[in-house]
Number of protein chains: 2
Amino acid sequence: MTYAKKRPAAPARPAPRLAHCGADALAALSDPTRRAVFEKLRHGPQPVSALARGMPVSRPAVSQHLKILKDAHLVSEQRDGTRRLYRIEASGLEALRRWFDMFWDDALARFAAHAEAPPKREKAVAMKGKDRG
Amino acid sequence: MTYAKKRPAAPARPAPRLAHCGADALAALSDPTRRAVFEKLRHGPQPVSALARGMPVSRPAVSQHLKILKDAHLVSEQRDGTRRLYRIEASGLEALRRWFDMFWDDALARFAAHAEAPPKREKAVAMKGKDRG
DNA sequence: TCTTTGCGTAAGTCATAACTTACCAATACG
DNA sequence: CGTATTGGTAAGTTATGACTTACGCAAAGA
């Protein structure tokens, strides 16, 4: 969940720095229903009602999910009469993969090196019960 | 968001079928703060307070995020005195990659084949204004 | 042993994501 | 032109996730 407006109990939230890569795609695919829709598209381009058919949610819900997937460049839309064919778009997957490979390579390298160099224990500067920096 | 308990406005929600692969990992990485923590771990194993340092959220918040990452097998924990060293765990990444490569391969194959075979238009069985199947 | 450091967990708050139904626009079709 | 199909969008509801503070326990260190 991303906080934006003011919230009394939590002073602020200056948008934690994050790699602006496959972030949107990750968020988009974090929802089970959205994943289900996305997986349905593996069988080829489909109109909204076909995607909604058999799903436990309403057609408008699927529409809303498709919008999110589209914004994340995970699907693209092609108008065909009154229908709109949705299909999986490579670019979103690609962005995701780039972000992801970063860690993958790292993990492998680190595993290969086998030297983890656990951080030195350093004297903490007296914070009695304080949970905040 | 995953619905579980009853909700008057929405009859039921029988858990949309989904490939039980990197699902947890995707959900875990969908949060910006969690990604930030995860990215910090690229520099090597770190104790909780080191991870929390400089973050816009409290230390307990980071602890909670680490629990989620751990449940998704994205990080592992090693006790060291009063500290607990967290490090990136390959297995979660691997699961994620498997799920992900499924689509990736598909997308490439489909792109290569170039034949999309858009679904035939079929007479819908008269549903006046109904949004549900 | 008494204190400090390190960290997990409980309880409570609040914004919001994921739904719902209703409505509207656009295209196809008779 | 009237009607049905298709699908996007608005408005409203609710469960939940991301926080907070407070507390408690375990290991070090004096």
Side-chain angles (χ1 to χ4, degrees), chain A residues 1-13 16 27-28 30-37 46-53 55-68 70 77-86 119 121-132, chain B residues 1-13 16 27-28 30-37 46-53 55-68 70 77-86 119 121-132:
Chain A
M1 186 205 249
T2 332
Y3 284 67
K5 296 175 182 174
K6 68 171 168 63
R7 49 192 309 278
R13 192 117 192 295
S30 71
D31 180 77
T33 303
R34 232 135 48 205
R35 274 197 301 272
V37 168
Q46 305 198 34
V48 179
S49 32
L51 290 170
R53 189 151 26 229
M55 295 277 296
V57 301
S58 68
R59 199 244 341 137
V62 172
S63 262
Q64 289 160 12
H65 283 307
L66 282 168
K67 178 177 175 55
I68 293 175
K70 197 172 66 174
E77 173 199 333
Q78 178 196 1
R79 307 181 72 131
D80 166 38
T82 68
R83 304 187 307 172
R84 307 192 180 192
L85 290 179
Y86 281 88
R121 191 179 265 272
E122 59 179 277
K123 188 69 175 179
V125 279
M127 34 189 285
K128 292 173 75 86
K130 290 168 68 82
D131 267 337
R132 306 302 307 268
Chain B
M1 185 206 246
T2 331
Y3 284 67
K5 297 176 182 172
K6 68 171 168 65
R7 47 191 312 276
R13 192 118 191 293
S30 70
D31 180 78
T33 304
R34 231 134 48 206
R35 275 198 299 273
V37 168
Q46 304 199 35
V48 179
S49 33
L51 290 169
R53 191 151 26 229
M55 296 277 296
V57 300
S58 68
R59 195 228 5 117
V62 172
S63 262
Q64 290 160 11
H65 283 307
L66 282 168
K67 178 178 175 53
I68 293 174
K70 196 172 67 174
E77 171 199 334
Q78 177 196 4
R79 308 182 72 129
D80 166 40
T82 69
R83 305 187 306 172
R84 306 191 179 192
L85 290 179
Y86 282 88
R121 190 180 266 271
E122 58 179 278
K123 189 68 175 179
V125 280
M127 35 189 286
K128 293 174 75 89
K130 289 168 70 82
D131 267 338
R132 305 303 305 269

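Side chains included, hydrogens not; waters and symmetry mates left out as well; all remaining heavy atoms used. Order of the sequence lines sets the chain letters (A, B, ...), proteins ahead of strands, with each chain counted from 1.
- Using a 4.0 Å cut-off, no side-chain N or O of B:Thr82 falls inside it from OP1 or OP2 of D:dA26.
- Where B:Ile68 and B:Pro60 meet DNA chain D, the nucleotide closest to each residue was compared, and B:Ile68 sits on the side nearer the 5' end.
- Atoms CZ (A:Arg53) and C1' (D:dT6) sit 12 Å apart, rounded to a whole Å.
- Distances shorter than 4.0 Å separate none of the side-chain N or O atoms of A:Ser63 from OP1 or OP2 on D:dG7.
- Nearest heavy atom pair, residue B:Ser63 against residue B:Val48, reads OG-CG1, 3.9 Å.
- Atom pair A:His65:NE2 and C:dT20:P shows a separation of 9 Å (rounding to whole Å applied).
- Taking atom CG on B:Leu66 and atom C1' on C:dG6, their separation rounds to 13 Å, with Å as the unit.
- The main-chain N or O of B:Ala28 is found under 3.5 Å from a side-chain atom of B:Arg34 such that the two form a donor-acceptor pair.
- Taking side-chain N and O atoms only, B:Tyr86 has no distance below 4.0 Å to OP1 or OP2 of C:dG6.
- Rounded to whole angstrom, the span from the CG atom of B:Asp31 across to the C1' atom of C:dA17 amounts to 13 Å.
- Distance A:Arg79 CZ to D:dT5 C1': 14 Å, rounded to the nearest Å.
- Distance, B:Met55 CE to C:dC7 C1': 16 Å, rounded to whole Å.
- Side-chain nitrogen and oxygen atoms of B:Arg34 include at least one within less than 4.0 Å of the OP1 or OP2 phosphate oxygen of D:dA18.
- The phosphate of C:dC7 has OP1 or OP2 within less than 4.0 Å of a side-chain N or O from B:Ser49.
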